[in-house]
Structure formats: C-alpha cells, structure tokens
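Below is one structure, written out as structure tokens; the observations come after it.
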Amino acid sequence: MSTSQVVTRFAPSPTGFMHVGGVRTALYAWAFARKNNGTFILRIEDTDKKREVAGSIEHIIASLHWLGIQWDEGVDIGGKNGPYKQSDRLASYSKYAHILIEKGYAYPDPYSEEELAEFRRQAEEQKRPFLYREHRPTVFGEWDGTKSLRFKIPELKNHIWNDAVRGELTAGIDALDDFILIKSDGYPTYNFAHIIDDLEMGVTHIMRADEFIASTPKFLSLYEALEITPPVLVTLPPILGEGGNKKLGKRDGAKDILEYRNEGYLPEAMVNFLSLLGWNPGGEKEIMTKEEICQLFSLDRIHKGGAMFNEEKLLWMNKEHIRLQPKELQLSFVKKYLQTYDDAIVERLLPTIIDRISTYGDIVTIEPAEFRFFIERPIVSVENLKWKNSDLQDALTHLQSVLDIIQSADFSAMDSIKQAIMTYAESHGKGNVLWPLRMALSGQEKSVDPFTICYVLGRDESSMRIQNACTSIRSISSTQ
C-alpha cells in the first residue's frame with residue numbers, strides 16, 4: 001500500500017442500533033476517502049461480548065447500504081487486510097502484546113477485583129483520583145493469559161498533539177495511567193485493539209467523536225511504545241439535541257437510522273442533512289447529492305463547535321429531495337402507500353401528493369382524510385351542497401352548468417379544466433359554483449381544489465358524481 005494513499009475506516013461496536021452520530025462518522029470517513037481516491041473500510045469492534053446485541057452487524061450493514069455508503073474492504077466483503085471483525089483478530093493482538101512485554105511495557109495485573117476496589121476506596125477517601133500506576137508492581141510476573149494484561153506508561157510527560165479540526169491540543173501527566181490491553185477473557189480493550197487494527201490496515205485518518213480526546217494521551221503513549229506514527233486524528237463536533245444544550249445520544253431520543261427509512265425519508269436527504277451537521281461546504285447551496293458532497297468535502301471545513309439536530313430542517317431537506325426525484329421514481333414510492341388506487345389515478349394525483357408531503361410516510365396520515373374519495377364515491381348530505389345564503393335550487397343550477405362544461409372540457413391537463421370552470425364561476429360567484437362542486441365530488445368541506453379532483457377522477461367519474469348530487473337535490477325538492 002502506498003503511504004500517500006488515504007485510508008479511512010468506520011469501526012462501530014455491535015451493541016445496538018445505528019444512530020445519527022455513528023452514521024455521520026461513517027459518512028465523513030467515506031466522503032474523505034472518496035474525495036481523495038482512497039480506501040474506506042468497515043470494521044466491527046466486537047470485543048465487548050457482554051454488550052453485544054444479536055443482529056447488530058447485519059443492522060449496521062443494512063443502515064449503511066440504505067444510505068448508499070459503500071466500503072472497499074469490510075466484514076461482509078473481505079479484503080487484503082482482513083479479517084475485519086476484532087474477535088477474529090486475536091492472534092494480532094497477542095503478537096503485539098508480546099512485543100510490548102518484551103520491551104518492558106506490559107505486565108499481568110497481579111491484583112484481584114477486591115484489591116482494586118480497595119485501592120479505589122482509598123483514593124476516594126483521600127479525595128484524589130485513582131491511578132493504577134501508583135500501585136504498579138515493582139516486579140512483573142509472567143503473563144499466561146489468565147489475568148488482564150496492562151500497559152506500562154513508558155514515560156510520564158505532558159503530551160502535545162495536533163488534531164486536524166481542533167488544532168494543537170495538550171494534556172498533562174494526570175491523563176496517563178496503566179490501562180488494560182487484554183482482558184482476562186482473552187479479548188483486547190478498545191484502547192489497544194483499534195490501534196493495532198489501524199496499524200495493520202494502513203489507516204491514515206481517524207474520524208472520531210470528541211469523547212476520545214481525553215484518552216488520546218494514552219493512545220500516544222502506546223504509539224510511542226510500539227514506535228509507530230499515529231494516523232491523522234480528526235475530531236468531529238458533537239451533534240446536539242433540539243435546543244442545542246445537550247449532546248444527542250441513544251438515551252436522549254436519537255433514533256435508529258432505519259426508523260427514518262420506515263417513516264418515508266429519502267437516504268439522499270439524510271446524507272445531505274447529516275453532512276451539514278458539522279461541516280460547511282462553502283457557498284449558499286444546501287441541497288446536494290452524495291457526489292457533490294464527496295467532491296467538496298475537506299477537513300478544514302469541519303466545525304469545532306457542536307451542531308444541532310433540527311428535525312424541521314431535515315423535513316424541509318427531505319421535501320426538496322422528493323421534488324428533485326424523477327417522476328417515475330416518485331410514482332414508485334407513492335404506489336407503495338396507495339396500493340389500492342388505480343395507477344391512472346395515482347399518476348394524475350402525483351403532483352398534489354408531492355406538494356403536500358415532506359416524507360413519503362406522510363401519505364399514510366393524509367390519505368384517509370384527503371384522498372380516500374378518489375377511490376370511494378362519497379356519501380353527500382344534500383344540505384351541505386348549499387353555499388351560505390344560497391338555496392338548493394342555486395346549487396342545482398350551477399352543478400348542471402358545470403356538468404355541461406366538463407362534457408366538452410379538455411381533460412388532458414388540469415389547467416384546461418380549471419380555466420373552463422373558473423370562467424363560469426367568476427361570472428356567477430366563486431363560492432356559489434365551487435362549493436357545491438367540491439361537495440359533490442369529494443363530500444368534504446376541505447379537500448384539494450375541485451379542478452384537481454375533476455382531473456384526477458376523469459370526465460366520466462366526475463360527471464357521474466355531479467349527476468348523483470343533482471339527482472339528490474331533485475329528489476329532496478320533489479318532496480317539499
């Protein structure tokens with residue numbers, strides 16, 4: 001592998017659903033790799049077996065696939081630097097653990113859990129932080145794998161490092177301690193495993209959450225002990241909940257990313273929205289394709305401060321992406337929600353639907369109230385056909401006139417129908433004409449406009465509904 005090639009990775013733990021914070025990390029790592037013609041790796045960090053949730057790996061893969069984020073090497077497709085699941089890489093961790101032992105930088109933990117608890121109690125009693133290095137044994141025993149293996153901090157010193165987003169960062173010796181490399185169950189800790197994985201996979205840039213800043217001095221000590229150059233560290237800004245006061249997390253309402261898919265959001269909109277949560281491409285343009293995002297993406301435009309997750313902005317952005325879809329694609333989505341509707345009706349109704357929704361899932365909410373009359377003839381109360389102070393005879397007169405108009409109207413376009421009816425309505429009072437027409441066609445006081453209804457229903461069905469309303473008025477009039 002060329003040392004100049006960019007290699008990034010997304011390395012989630014299979015401990016539950018994918019929320020927006022993890023997805024954005026994957027998105028930035030993927031976009032940066034694509035911008036630089038590099039390699040993007042999907043790795044699974046599954047060494048915490050107690051927290052692992054069955055099906056999480058499949059869920060991670062499904063989530064990224066939905067968003068259109070593709071990897072070049074990974075847990076499901078393999079690659080030259082595999083395996084890509086940490087539980088399958090134990091031999092690598094053992095190899096580097098023994099290198100550290102030989103260098104004098106690793107030793108087996110000689111203490112029981114009870115002894116460690118007592119050390120912590122004493123530190124708490126003395127009102128000082130617990131540091132394991134203060135209890136480091138003077139003579140190291142031989143590690144046989146039955147006890148935890150700890151890293152011996154080579155040197156207590158202040159650390160200074162550069163972050164691609166935060167700039168120069170520093171930490172004092174209080175940030176350093178002898179942390180566990182490999183647990184007594186044989187599995188490595190995150191602090192050890194990710195460094196070995198990144199080394200062996202040639203990772204050049206690490207996109208990470210700001211929570212890892214505090215652990216960076218420990219990582220730097222381990223890099224030094226192994227005599228390896230650290231990758232470029234890219235700390236991403238936190239995603240904040242509504243109001244911007246608290247980091248958005250699983251416990252604070254962050255949803256499973258696939259919930260958005262089930263609610264009718266488009267993956268293109270979600271990628272666009274998340275890309276702007278902490279990154280500014282420059283300029284005023286906000287609606288972008290994945291290709292445009294990758295082309296513009298750069299580390300120097302990632303924000304330092306937190307970015308608020310604004311649900312209203314996401315809805316707006318999703319609506320804009322729906323509008324940009326080709327008509328054929330819009331139809332395919334809408335038909336999933338209106339399966340009982342005739343295809344011709346759905347196609348004529350499409351512009352009205354697209355105008356009224358922000359997600360395709362909105363169709364489920366508005367369809368019974370606003371669209372059901374398109375496939376079911378309404379039951380119309382005759383009294384409701386009257387407009388304000390007008391009487392039923394006025395309604396009958398105007399309905400008969402409109403019936404004659406639509407018999408000769410051009411039904412190839414909705415505007416033609418509107419023009420024909422409005423010419424008559426403007427000369428006889430819009431309310432007098434359009435109110436009984438709307439009621440005859442839809443049976444509703446509020447609905448899409450009667451011109452759209454006529455266009456969607458077609459000449460024959462519209463005529464039939466108007467004739468039925470006229471018949472009802474005549475029937476009532478004859479009994480009075």
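When atom types are taken as modelled, the side chain of E376 and the backbone of F373 share no donor-acceptor pair closer than 3.5 angstrom. No donor-acceptor pair closer than 3.5 Å links the side chain of S13 to the backbone N or O of T15. In this structure a side-chain-to-backbone donor-acceptor pair under 3.5 Å is missing from E370 to E367. Side-chain atoms of N272 come within 3.5 Å of backbone N or O of E286 as a donor-acceptor pair. Without hydrogens or angle criteria, D177 side chain to Y132 main chain gives a donor-acceptor distance under 3.5 Å.
Contact check for V448 versus S442: no side-chain heavy atoms found under the 4.5 Å cut-off. For the pair V23 and L274, the minimum side-chain heavy-atom distance is below 4.5 Å. The shortest distance between side-chain heavy atoms of P281 and L276 falls below 4.5 Å. Annotation: side chain of P237 is in contact with side chain of I302 (closest heavy-atom distance under 4.5 Å). I69 is listed as a side-chain neighbour of L27, based on a closest heavy-atom distance under 4.5 Å. When side chains are defined from C-beta on, L222 counts as touching F179, because their heavy atoms get closer than 4.5 Å.
Between the NZ atom of K290 and the CG atom of L67 there is a distance of 8.5 Å, given to the nearest 0.5 Å. Separation of atoms CD1 (I196) and CD1 (I99) is listed at 8.0 Å; rounding is to 0.5 Å. Once rounded to the nearest 0.5 Å, the distance linking CG of L350 with CZ of R348 reads 12.5 Å. Annotation: the span from N191 atom CG to F219 atom CZ amounts to 4.5 Å, rounded to 0.5 Å. One finds the CZ atom of R372 at 15.5 Å from the OG atom of S447 (value rounded to the nearest 0.5 Å). One distance of note links CE of M207 with OG1 of T8; it measures 6.0 Å at 0.5 Å rounding.
Partners of D185 according to the side chain to side chain donor-acceptor pair (under 3.5 Å) rule, which considers only residues two or more places apart in sequence or in another chain, do not exist here. Qualifying side chain to side chain donor-acceptor pair (under 3.5 Å) partners for E125, counting only residues two or more places apart in sequence or in other chains: R121. In this structure, the side chain to side chain donor-acceptor pair (under 3.5 Å) partners of E45, at least two apart in sequence or on a different chain, are R43.
Under the side chain to side chain donor-acceptor pair (under 3.5 Å) criterion, the residue pairs touching residues 146-158 are D109-R150, D144-T146, K157-E224, with sequence neighbours excluded. The side chain to side chain donor-acceptor pair (under 3.5 Å) contacts involving residues 327-336 comprise K327-E347, where partners must be two or more places apart or lie in separate chains.
Between R208 and F212, the shortest heavy-atom contact is NH1-O, 3.5 Å. When all heavy atoms are compared, the tightest approach of F309 to E311 is CE2-OE1, 3.5 Å. Taking both residues in full, the closest heavy atoms of V456 and I345 are given as CG1-CG2, 3.6 Å, listed atom of the first, atom of the second, then distance. Contact between D210 and T235 at its shortest, heavy atoms only, is CA-CG2, 3.5 Å. Residues A175 and P217 approach most closely at CB-CG, 3.8 Å, considering heavy atoms. For the pair P231 and H205, the tightest heavy-atom approach, listed with the atom from each and the gap, is CB-N, 4.2 Å.
Under the 30°/60° scheme for interplanar angles, the aromatic rings of Y360 and Y337 are found to lie parallel. Taking the six-membered ring where the residue is Trp, H135 and F130 present parallel rings, their angle staying beneath 30° rather than reaching 60°.
For W279 and F297, the ring centers are positioned less than 6.0 Å apart. The distance between the ring centers of Y341 and F374 does not fall below 6.0 angstrom. Taking the six-membered ring for Trp, F32 and F40 have ring centres at least 6.0 Å apart.
Counted by atom type alone, T359 and D362 present one or more donor-acceptor pairs between their side chains at under 3.5 Å. Side chains of Q122 and Q126: no donor on one and acceptor on the other come within 3.5 Å. Under the 3.5 Å distance criterion, with hydrogens and angles disregarded, a donor-acceptor pair is assigned to the side chains of D449 and T452. Side-chain polar atoms of N81 and E200 form no donor-acceptor pair below 3.5 angstrom.
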Side-chain polar contacts of residues 57-66 - donor-acceptor pairs under 3.5 angstrom, sequence neighbours left out - could you list them?
residue	atom	partner	partner atom	Å
H59	NE2	D256	OD1	2.9
H59	NE2	D256	OD2	3.1
S63	OG	H59	O	2.8

*Kindly indicate, with the supporting measurements, whether the criterion side chain to side chain contact (heavy atoms under 4.5 Å, CB included) is fulfilled by V271 and M288.*
CA-CA 9 Å; V271 167; M288 297 181 291; over 6 Å; no

_Full working for side-chain hydrogen bond (donor to acceptor under 3.5 Å, both in side chains) between Q5 and T39_ = CA-CA 8 Å; Q5 182 183 5; T39 299; 2.7 Å; yes

*Go through the steps for S87 and D46 under the test side-chain hydrogen bond (donor to acceptor under 3.5 Å, both in side chains), then give the verdict.*
CA-CA 6 Å; S87 58; D46 66 335; 2.6 Å; yes

*Audit row: N280, H303, side-chain hydrogen bond (donor to acceptor under 3.5 Å, both in side chains) steps and yes/no*: CA-CA 8 Å; N280 180 3; H303 301 167; 4.8 Å; no

*side chain to side chain contact (heavy atoms under 4.5 Å, CB included) between D163 and E168: does it pass, once the steps are laid out?*
CA-CA 6 Å; D163 185 279; E168 185 177 284; over 6 Å; no

*Starting from the C-alpha separation in whole Å, work towards a yes-or-no answer on side chain to side chain contact (heavy atoms under 4.5 Å, CB included) for T204 and D198.*
CA-CA 8 Å; T204 61; D198 290 339; over 6 Å; no

_Go through it in stages, so that I can follow the logic: the residues are D48 and R51, the test is salt bridge (Lys or Arg N to Asp or Glu O under 4.0 Å), and I'd like the CA-CA distance, side-chain angles, deciding distance and then a yes or no._
CA-CA 6 Å; D48 190 345; R51 296 178 60 230; 3.8 Å; yes

*Would I213 and W161 count as a side chain to side chain contact (heavy atoms under 4.5 Å, CB included) if you check the C-alpha gap in whole Å, the side-chain angles of each, and the deciding distance to 0.1 Å?*
CA-CA 11 Å; I213 291 178; W161 72 96; 4.2 Å; yes

_Stepwise ring-ring contact (aromatic ring centres under 6.0 Å, His included) check, F151 with Y107_ = CA-CA 7 Å; F151 176 57; Y107 61 93; 9.3 Å; no

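A cation-pi arrangement is found for R24 relative to Y28, the charged atom lying closer than 6.0 Å to the ring centre and inside a 45° cone about the ring normal. In this structure, K313 fails the cation-pi test against F273, since its NZ or CZ atom is not both closer than 6.0 Å to the six-membered ring centre and inside 45 degrees of the ring normal.
Between R9 and D197, no side-chain nitrogen of the basic residue sits less than 4.0 Å from a carboxylate oxygen of the acidic one, so the salt-bridge criterion is not met. Ionic pairing of E291 and R34 is not present here: no N-O contact between side-chain nitrogen and carboxylate oxygen is shorter than 4.0 angstrom.
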